[in-house]
Amino acid sequence: MVFLLDGYYQRYDLKGWARQRYEGMKVKPDACQECGECEEKCPYSLPIRRMLKEAAGRLG
Ligand code: SF4
C-alpha cells in the first residue's frame, strides 16, 4: 500500500490525496523491524527497506 500511494504521489498530481490515505494507515513503515526478509524474497532485488523509508519521507 505504501508503494501504491507513493506511486500516486510521485507520478500523478495526487500528493494531498496520497498523504491523506497514508495518514489513515494503521501500520506505517516505522513498524519495519529491518529483518530483511522481504528483500531476500523479492525477485527484483529491490532495496525495500530503503524504499519504504524514502516513501515515508514523502508521504508522512
Ligand atoms: S525488512 Fe521487510 S519483511 Fe522485515 S519487517 Fe521490514 S518490511 Fe517487513
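As the structure is a prediction and not an experimental result, all values here were calculated from the model. Counting starts at 1 for both ligands and their atoms, following the listed order.
- Between the side chain of Gln33 and the backbone N or O of Ala31, at least one donor-acceptor pair lies under 3.5 Å.
- Looking at Glu23 and Arg19, no side-chain N of the basic residue comes within less than 4.0 Å of a carboxylate O on the acidic one, giving no salt bridge.
- Between Val2 and Met25 there is a side-chain heavy-atom pair separated by less than 4.5 Å.
- Close approach of ligand 1 to Cys38 is summarised as follows: ligand atoms under 4.0 Å from at least one heavy atom of the residue are 1 (S), 2 (Fe), 3 (S), 7 (S).
- Every atom of ligand 1 with a heavy atom of Arg49 under 4.0 Å away is listed here by number and element: 1 (S).
- Remark: Arg50 does not engage Glu39 in a salt bridge, criterion side-chain N to carboxylate O under 4.0 Å.
- Remark: minimum distance from atom 6 (Fe) of ligand 1 to any protein heavy atom is reached at Cys32 SG, 2.3 Å.
- Under the 4.0 Å distance rule, the nearest protein heavy atom to atom 4 (Fe) of ligand 1 falls inside the cut-off.
- For the atom pair Lys28 NZ and Leu59 CG, the distance stands at 10.0 Å (nearest 0.5 Å).
- Among the atoms of Cys35, no N, O or S atom is found under 2.8 Å from atom 6 (Fe) of ligand 1.
- Atom numbering of ligand 1 starts at 1 in the shown order; those under 4.0 Å from a heavy atom of Gly36 are 1 (S), 4 (Fe).
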